[in-house]
Structure formats: C-alpha cells, structure tokens
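All values below come from the heavy atoms of this structure, side chains included, with hydrogens, waters and symmetry mates left out.
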Amino acid sequence: QVQLVESGGGLVQAGGSLRLSCAASGSIFSISAMGWYRRAPGKQRELVAVITSGGSANYVDSVKGRFTISRDNAKNTVYLQMNSLKPEDTAVYYCNAEVQRYSGSYGAYWGQGTQVTVSS
C-alpha cells in the first residue's frame, strides 16, 4: 500500500521554470532513494535525477546546472526544480521511490507521470 502522486507539470516557454512534486504515502518505514525519470516522445525513459535520504544527489548530464532535486523526509516528498527549460526537456516525468515498508519488505514504486511541455 504505497502510492506516489506527482504534480506540477504543465506548459512553459523555453527559459521558464517548473517545480515538480511527488508525495509518497502508505505503509512506509523508510525511503532510501527518490528520483525522477522522463520519457520524451519517441525516446526511451531516462533517469533525470536521484537523491538519497541523506541528501546526496546525482543528475543526468543534460540537466546539470539547470535542475535541482530535493526532498522533505518528514513528508516523504521529492521535488524537482527545473530552470532554464529547453524544448528537449519536453517529456512525461515519472517519480520513483525505493521503499522499505513496515512489514520489512522492499519495493520500487512509480508515480503516474506528469506532462512537461516546453515551447519556443
């Protein structure tokens, strides 16, 4: 019983900004890592950014310096601040979390996806 709900996507002009949010809820003991993936039209899904519970973050090269991932552990929420957006950032963005449940089991969970469209 773990659910991830994403929000914050939309249509923005090149150079603009968006902030994505993903809140995890359910039978969660801990979340070791949370991340954002994206799938652009006609492209394979790729990892955009990931952050550990300790705050260590990694990014795909194409977004370094423009995107910032952060998390609020108390709220089981991860954010993706996207600045200086480019048309090539257009994609469906998916949240992912590595969760340990109270039962002791582990699992990876996905959000439903949120559309980000960047126009020029």
| message | Minimum heavy-atom separation for S120 and A14, please, with both atom names. | response | CA-CB, 4.3 Å
| said: Do R66 and Y59 make a side-chain contact, defined as non-hydrogen atoms from C-beta onward lying under 4.5 Å apart? | reply: no
| Which heavy atom in G35 sits nearest to a heavy atom in I69, and how many Å separate them? | CA-CD1, 4.2 Å
| field | Geometric class of the Y93/F67 ring pair [parallel <30°, tilted 30-60°, perpendicular >60°] | value | tilted
| task | Can you measure from CG (N76) to OG (S53) and round to the nearest 0.5 angstrom? | result | 11.0 Å
| Roughly how far, to the nearest 0.5 Å, is SG of C22 from CD of Q112? | 8.0 Å
| task | Find out whether Q115 and T90 are in side-chain contact, i.e. whether some heavy atom of one side chain is under 4.5 Å from a heavy atom of the other. | result | yes
| query | Are V12 and M82 side-chain neighbours, meaning at least one heavy-atom pair lies under 4.5 Å? | reply | no
| said: Any side-chain to backbone donor/acceptor pair from Q81 onto R19? Under 3.5 Å, distance only. | reply: no
| request: Please list all pairs passing the salt bridge (Lys or Arg N to Asp or Glu O under 4.0 Å) test where one or both residues lie in residues 28-53, with sequence neighbours left out. | output: R38-E46, R38-D89
| Do the non-hydrogen side-chain atoms of T68 and Y79 ever get within less than 4.5 Å of each other? | no
| task | Please check if V63 and V50 belong to a single hydrophobic cluster, counting links between Ile, Leu, Val, Met, Phe, Trp and Tyr side chain heavy atoms closer than 4.5 Å. | result | no
| field | Min side-chain heavy-atom separation W110-C95 under 4.5 Å | value | no
| Straight-line distance of Q1 CD to I28 CD1, nearest 0.5 Å | 11.0 Å
| said: Contact between V78 and I31 at the side-chain level, heavy atoms closer than 4.5 Å - yes or no? | reply: no
| message | Quick check: closest heavy atoms across A24 and L4, and the distance to 0.1 Å? | response | CB-CD1, 3.8 Å
| task | List for me each residue that meets ring pair (Phe, Tyr, Trp, His ring centres under 6.0 Å) alongside Y94, sequence neighbours excluded, and say none if there are none. | result | none
| task | Compare every heavy atom of S70 with every heavy atom of I51, then report the nearest pair and how far apart it is. | result | CD1-CA, 3.8 Å
| Y37 reachable from V118 in the ILVMFWY side-chain graph, under 4.5 Å edges | no
| request: Provide the closest heavy-atom pair for N83 versus S17 in the form atom of the first, atom of the second, distance. | output: OD1-OG, 2.9 Å
| remark: All heavy atoms of V116 vs all of G9, minimum pair found to be CG2-CA, 4.2 Å
| query | Rounded to the nearest 0.5 Å, what separation is found between the NZ atom of K86 and the OG atom of S119? | reply | 15.5 Å
| Would V92 and L47 show up in the same hydrophobic cluster when neighbours are defined by side-chain heavy atoms closer than 4.5 Å? | yes
| request: Treat each ILVMFWY residue as a node, draw an edge where side-chain heavy atoms are under 4.5 Å apart, and state whether V60 and L85 are in one component. | output: yes
